[in-house]
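Since the structure comes first, as structure tokens, the remarks are kept for the end.
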Amino acid sequence: MIKKILAASFAVALIFSFAACGYDDGGHGSFDFGESASERQSESRQESSVKETLMEYDKYTLEAYVNPFWNSKYMYNETMMFVGKDDCPSMLFTAEEVISVRSYDLKTEYKEGKDYVIEDNCIKLTPDTSIPYYTEEEYYPTTYKQGACFGCTRDDKNYILFGEGDTFCKKQIAVTYRHSGRNKVPEIADMSDRFSSSLEKLEKGKPLNVVFYGDSITTGANSSGIIGVGPYAQSFPEMVVGWLEKKYPSSKITYVNTAVGGMNTKWGADNVEQRVNAHNPDLVFIGFGMNDPSLAPSEYKEQIRNIIDSVKNASEETEMMLFSSILPNSEVTGFFGNQHLFEAELKTLADELNGVGFAPITSMHKYLLKTKRYYDMTGNNVNHPNDFLARIYAQVILKTLIG
């Protein structure tokens with residue numbers, strides 16, 4: 001039975017006076033995972049498609065949400081949002097059949113021809129659509145309203161919409177479709193050998209103490225189950241632990257989430273004793289970086305190493321997974337900085353140390369942003385994932401952990 005202690009805080013990350021920049025870092029500091037051969041992926045998917053059946057998509061299920069999207073011919077509830085009625089968001093993969101277009105809570109199914117049409121792999125609203133959307137003026141307001149917007153980095157816009165709770169998910173839709181997987185997806189390394197002790201405990205039904213440690217993203221901020229709206233999806237740490245319990249039915253997992261919203265790596269290093277070591281963990285998931293936009297990559301690496309050293313000093317046997325962060329919205333003033341450089345430092349640390357692996361969330365977010373817009377996948381339009389992007393965390397972490 002999972003013992004959940006959620007130290008959830010939904011505060012937006014600390015605001016730093018750092019000039020915002022675009023996602024294209026000119027090739028500096030990004031980690032190249034290489035790309036899988038799309039032909040091999042497609043052939044493999046075609047071979048397995050005979051056995052693959054469509055899972056439930058009209059409600060939250062752990063099975064569908066942790067199912068790696070890159071290994072399936074089905075995309076489940078990919079989220080999109082419309083800014084302006086003429087907006088036309090693209091599906092990540094080339095759809096061969098659109099199965100369902102629903103409201104974010106999955107309760108309302110929209111009708112093709114009546115509410116939307118499909119043009120060039122995009123969802124386009126009809127004149128009489130019942131699909132919700134934000135107008136350009138709502139998304140880019142011209143006057144400041146405290147707590148509802150931030151400054152915008154675009155020269156032609158003054159402010160950009162911000163909001164917690166259901167501000168964005170109430171306007172987002174969820175699209176389920178069948179595809180042939182023609183896009184190339186970044187490779188995710190199987191690092192299960194770094195977690196042999198934890199996996200052995202799971203397989204043999206021995207007690208396994210798990211700690212998640214990080215900032216507001218790790219608390220589960222903006223996951224629908226946390227904010228209390230449909231489809232009530234779990235946070236990504238809950239998905240990870242839930243899937244481990246399902247895969248290893250004899251496992252005895254004790255789970256604690258000690259993440260706190262708004263915290264940075266310095267706080268993480270300073271508080272590791274009471275928030276990690278006090279729980280005597282066998283396996284620790286560590287996710288910091290979103291709230292360090294002005295921190296030099298070398299300093300970031302040093303702080304994360306301090307966390308690792310503190311945990312190892314308490315117990316040399318403890319295994320750790322480092323996971324990088326999604327990127328903040330580059331259109332929002334004051335948040336975007338060096339976050340895109342931190343993933344390379346995590347990889348270096350994992351390569352240098354025993355019993356330490358890392359999951360490349362930043363690289364996967366960059367990949368998604370080549371096709372999708374930030375607001376298609378956000379929970380607050382600044383630095384929190386919605387359910388779709390939280391699922392990406394779970395999928396990448398599980399691939400790294402168990403292969």
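For clarity, every value in this text was computed on a predicted model and none was experimentally measured. Side chains are part of it too, since the values below use all heavy atoms of this structure and drop only hydrogens, waters and symmetry mates.
For Glu317, the CD atom counts as loosely surrounded, since its 6.0 Å shell holds 12 or fewer non-hydrogen atoms of other residues, nucleotides or ligands. For Tyr248, the OH atom is densely surrounded, since the number of other residues' heavy atoms within 6.0 Å is greater than 12. Within 6.0 Å of atom CG in Asp155, 12 or fewer heavy atoms from other residues, nucleotides or ligands are found, so the atom counts as exposed in its surroundings. Residue Asp120 places its CG atom among 12 or fewer non-hydrogen atoms of other residues, nucleotides or ligands, all under 6.0 Å distant.
Checking Asn222 against Glu164 by side-chain atom types alone, a donor-acceptor pair falls below 3.5 Å. Side chains of Thr176 and Asn77: a donor on one and an acceptor on the other come within 3.5 Å.
Of the residues listed (Tyr374, Tyr139, Tyr375), the one engaging Asn381 in a side chain to side chain donor-acceptor pair (under 3.5 Å) is Tyr139, and it is the only one. Applying the side chain to side chain contact (heavy atoms under 4.5 Å, CB included) test between Ile217 and each of Ser325, Ser223, Ser235 identifies Ser325 as the sole match. Of the listed residues (Glu200, Arg194, Lys201), just one forms a side chain to side chain donor-acceptor pair (under 3.5 Å) with Ser197, and that residue is Lys201. Partner of Phe212 under the ring-ring contact (aromatic ring centres under 6.0 Å, His included) criterion, chosen from Tyr393, Phe285, Phe288: Phe285.
Leu161 and Ala148 get closest at one heavy-atom pair: CD1-O, 3.5 Å. In terms of heavy atoms, Asn257 sits closest to Thr219 at ND2-CA, 4.0 Å. Nearest heavy atom pair, residue Pro237 against residue Thr218, reads CG-O, 3.4 Å. The two atoms that bring Asn67 and Ser72 nearest to each other are ND2-CB, 3.4 Å, heavy atoms only. What you find for His179 and Gly181 is that their closest heavy atoms are ND1-N, 2.8 Å. Closest of all the heavy-atom pairs between Ala95 and Asn121 is N-OD1, 2.8 Å.
If you take OG1 on Thr371 and CG on Asn183, they are separated by 5.5 Å, rounding to the nearest 0.5 Å. The line from CD1 of Ile307 to NZ of Lys266 is 11.0 Å long, rounded to the nearest 0.5 Å. Taking OH of Tyr116 as the reference point, atom CG of Leu125 lies at 11.5 Å (rounded to 0.5 Å). Once rounded to the nearest 0.5 Å, the distance linking CG of Leu368 with CD of Glu78 reads 8.5 Å. Taking OH of Tyr159 as the reference point, atom OG1 of Thr143 lies at 7.5 Å (rounded to 0.5 Å). For the atom pair Ser216 OG and Asn380 CG, the distance stands at 7.5 Å (nearest 0.5 Å).
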Might you work through the side chain to side chain donor-acceptor pair (under 3.5 Å) test for Glu319 and Ser198, ending with a clear yes or no?
-> CA-CA 7 Å; Glu319 296 171 332; Ser198 296; 2.7 Å; yes
Intermediate values then yes/no, salt bridge (charged side-chain N to carboxylate O under 4.0 Å, His left out), Glu96 and Lys73 = CA-CA 10 Å; Glu96 296 183 336; Lys73 67 176 181 179; over 6 Å; no
Going through the distances and angles, do Gln339 and Thr362 end up as a side chain to side chain donor-acceptor pair (under 3.5 Å)?
-> CA-CA 9 Å; Gln339 294 97 333; Thr362 303; over 6 Å; no
After noting the C-alpha distance and the side-chain angles of Glu331 and Arg373, does the key distance pass the salt bridge (charged side-chain N to carboxylate O under 4.0 Å, His left out) rule?
-> CA-CA 11 Å; Glu331 289 193 354; Arg373 294 78 53 87; over 6 Å; no
Asp351 and Lys347: CA distance, side-chain angles, deciding distance, salt bridge (charged side-chain N to carboxylate O under 4.0 Å, His left out) verdict = CA-CA 6 Å; Asp351 288 344; Lys347 180 185 183 301; 2.6 Å; yes
Derivation and outcome, side chain to side chain donor-acceptor pair (under 3.5 Å), residues Asn158 and Thr142 | CA-CA 6 Å; Asn158 293 324; Thr142 56; 5.7 Å; no
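Ring centroids of Tyr57 and Tyr74 are separated by 6.0 Å or more, keeping the two rings apart.
Between Lys157 and Glu136, at least one side-chain nitrogen of the basic residue sits less than 4.0 Å from a carboxylate oxygen of the acidic one, meeting the salt-bridge criterion. Electrostatic pairing of Lys366 and Glu343 does not count as a salt bridge here, judged by no charged N lying under 4.0 Å from a carboxylate O.
The shortest side-chain heavy-atom distance between Tyr367 and Val185 falls under the 4.5 Å cut-off. A 4.5 Å side-chain heavy-atom check between Met75 and Phe388 finds at least one atom pair inside the cut-off. The closest side-chain heavy-atom distance from Ile304 to Leu349 is below 4.5 Å.
For Lys85 (side chain) and Pro127 (main-chain N/O), a donor-acceptor pair under 3.5 Å exists by modelled atom type. Formation of a donor-acceptor pair under 3.5 Å by the His365 side chain with backbone atoms of Leu327 is found in this model. Counting only distance, with no hydrogens or angles, the side chain of Thr129 and the backbone of Ile131 share a donor-acceptor pair below 3.5 Å. Panel note: side chain Lys312, backbone Glu316; a donor-acceptor pair is recorded below 3.5 Å. A donor-acceptor pair under 3.5 Å is formed between the side chain of Thr318 and the backbone N or O of Pro281.
Aromatic ring orientation, Tyr213 versus Trp267: tilted (interplanar angle from 30° to 60°). Using cut-offs of 30° and 60° on the angle between ring planes, the pair Phe236 and Phe323 is perpendicular.
Residues satisfying the ring-ring contact (aromatic ring centres under 6.0 Å, His included) test with Tyr76, not counting sequence neighbours, are none. A search for ring-ring contact (aromatic ring centres under 6.0 Å, His included) contacts involving Tyr65 returns Tyr60, not counting sequence neighbours.
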